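These notes concern the structure reproduced below.
Keep in mind that this is a model prediction, so the values were computed, not measured.
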Amino acid sequence: MAAQLRVAWQSDLWRASFDLTHIDPEFRADLGFVLRQDVVRRVYRASWNPRPGGIPWLRSVNFSANQTTFHDTHGELVTRESWAGAFLNTEAGDFGGVIGASFFERLDLPFQIHPEVTIPPGEYRFRYLYSLFRSFAGRWVSI
């Protein structure tokens, strides 16, 4: 068996959603492709999108957070991806922001990523912080 549920709420100012996917260990995807079996995936998303007045060049601000978890069907955490970000959209069509992210991965078996490199079983955690900028693509030159 495989099943999916999504609940979402959206307005001009707020957005929130929750996804739940369950894939049994014996599920056969004869007509497609399944990345993982024996998994329960949960995705939580929320964002606040104010349009501040008084700043002529600023169209909107966006604060977003997202968490995705994968548990096996026995309840053991396998993967967790979490991120939060703040973004600006300008009246000129430019976009920029900053994102912080945290990841967790549990490997039960060795994982070969190259003929000479194998990652041993264990729990792995890593984090990163990055910024981004995209200029309006309708200009003669954009970044």
Side-chain angles (χ1 to χ4, degrees), residues 1-52 55 57-143:
M1 180 189 86
Q4 184 172 10
L5 168 73
R6 180 166 204 208
V7 178
W9 180 78
Q10 180 174 331
S11 71
D12 188 49
L13 188 60
W14 293 94
R15 292 184 185 137
S17 66
F18 170 71
D19 296 6
L20 176 65
T21 305
H22 179 99
I23 302 174
D24 280 341
E26 296 85 25
F27 178 71
R28 287 182 40 198
D30 292 342
L31 297 176
F33 178 73
V34 175
L35 286 173
R36 295 182 179 193
Q37 292 173 281
D38 184 28
V39 71
V40 177
R41 175 181 170 250
R42 294 176 181 91
V43 181
Y44 307 88
R45 294 182 195 94
S47 67
W48 179 47
N49 308 288
R51 298 176 188 271
I55 305 173
W57 57 269
L58 185 60
R59 178 176 294 160
S60 66
V61 179
N62 174 278
F63 300 98
S64 298
N66 182 329
Q67 184 175 67
T68 301
T69 61
F70 290 86
H71 290 78
D72 63 24
T73 52
H74 299 99
E76 186 79 27
L77 180 64
V78 178
T79 300
R80 181 180 54 240
E81 304 171 358
S82 305
W83 66 265
F87 311 95
L88 299 176
N89 293 292
T90 69
E91 291 293 346
D94 301 322
F95 172 83
V98 62
I99 296 173
S102 173
F103 295 88
F104 168 85
E105 194 72 41
R106 189 186 87 227
L107 296 178
D108 294 329
L109 302 170
F111 183 68
Q112 186 175 9
I113 60 173
H114 185 271
E116 299 174 7
V117 179
T118 300
I119 300 173
E123 294 182 354
Y124 296 90
R125 292 172 174 80
F126 47 102
R127 297 179 181 167
Y128 65 87
L129 177 69
Y130 70 94
S131 62
L132 55 104
F133 173 78
R134 181 188 69 228
S135 65
F136 177 58
R139 295 190 186 108
W140 282 94
V141 175
S142 63
I143 300 171

List the atom pairs, with distances to 0.1 Å, where a side-chain N or O of residues 114-132 and a protein N or O form a donor-acceptor pair under 3.5 Å, not counting sequence neighbours.
from: His114; atom 1: ND1; to: Glu116; atom 2: N; distance (Å): 3.2
from: Tyr124; atom 1: OH; to: Pro120; atom 2: O; distance (Å): 2.6

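With hydrogens and angles disregarded, a donor-acceptor distance shorter than 3.5 Å links the side chain of Asp38 to the backbone of Thr73.
The list of ring-ring contact (aromatic ring centres under 6.0 Å, His included) pairs with a residue in residues 71-91, not counting sequence neighbours, reads Phe87-Phe95. For residues 61-88, the salt bridge (Lys or Arg N to Asp or Glu O under 4.0 Å) pairs, not counting sequence neighbours, are Asp72-Arg106, Glu76-Arg106.
In terms of the side chain to side chain donor-acceptor pair (under 3.5 Å) criterion, residue partners of Ser64 (sequence neighbours excluded) are, by chain and number, Asn62. For the side chain to side chain contact (heavy atoms under 4.5 Å, CB included) test, residues two or more places apart in sequence or in another chain that qualify with Ile55 are Trp57, Leu58. For the side chain to side chain contact (heavy atoms under 4.5 Å, CB included) test, residues two or more places apart in sequence or in another chain that qualify with Thr21 are Gln4, Ile23, Arg41. Not counting sequence neighbours, the partners of Arg36 by the salt bridge (Lys or Arg N to Asp or Glu O under 4.0 Å) test are Glu105. With sequence neighbours left out, Ser135 forms a side chain to side chain contact (heavy atoms under 4.5 Å, CB included) with Asp94, Phe133, Arg139, Ser142, Ile143. Annotation: side chain to side chain contact (heavy atoms under 4.5 Å, CB included) contacts of Gln10 (sequence neighbours excluded): Arg15. Applying the salt bridge (Lys or Arg N to Asp or Glu O under 4.0 Å) criterion to Arg42, with sequence neighbours excluded, gives no partner residue. Remark: Phe104 pairs with no residue by the ring-ring contact (aromatic ring centres under 6.0 Å, His included) rule, at least two apart or across chains. With sequence neighbours left out, Asp24 forms a salt bridge (Lys or Arg N to Asp or Glu O under 4.0 Å) with no residue at all.
Taking CG from Asn66 and CZ from Arg45, the interatomic distance works out to 5.5 Å, rounded to the nearest 0.5 Å. With values rounded to the nearest 0.5 angstrom, Phe103 atom CZ is found 9.0 Å from Thr68 atom OG1. To the nearest 0.5 Å, atoms CD (Gln37) and CD (Glu26) are separated by 8.5 Å. The CH2 atom of Trp14 sits 6.5 Å away from the CH2 atom of Trp48 when rounded to the nearest 0.5 Å.
Applying the 6.0 Å contact sphere to CZ of Phe111 captures no more than 12 heavy atoms from other residues, nucleotides or ligands.
Counting all heavy atoms, side chain and backbone alike, Ser60 lies closest to Arg51 at CB-CG, 4.2 Å. Between Pro50 and Pro52, the closest heavy-atom pair is O-CD, 3.4 Å.
Contact annotation: the side chain of Val40 approaches that of Leu20 to within less than 4.5 Å [non-hydrogen atoms, C-beta and beyond].
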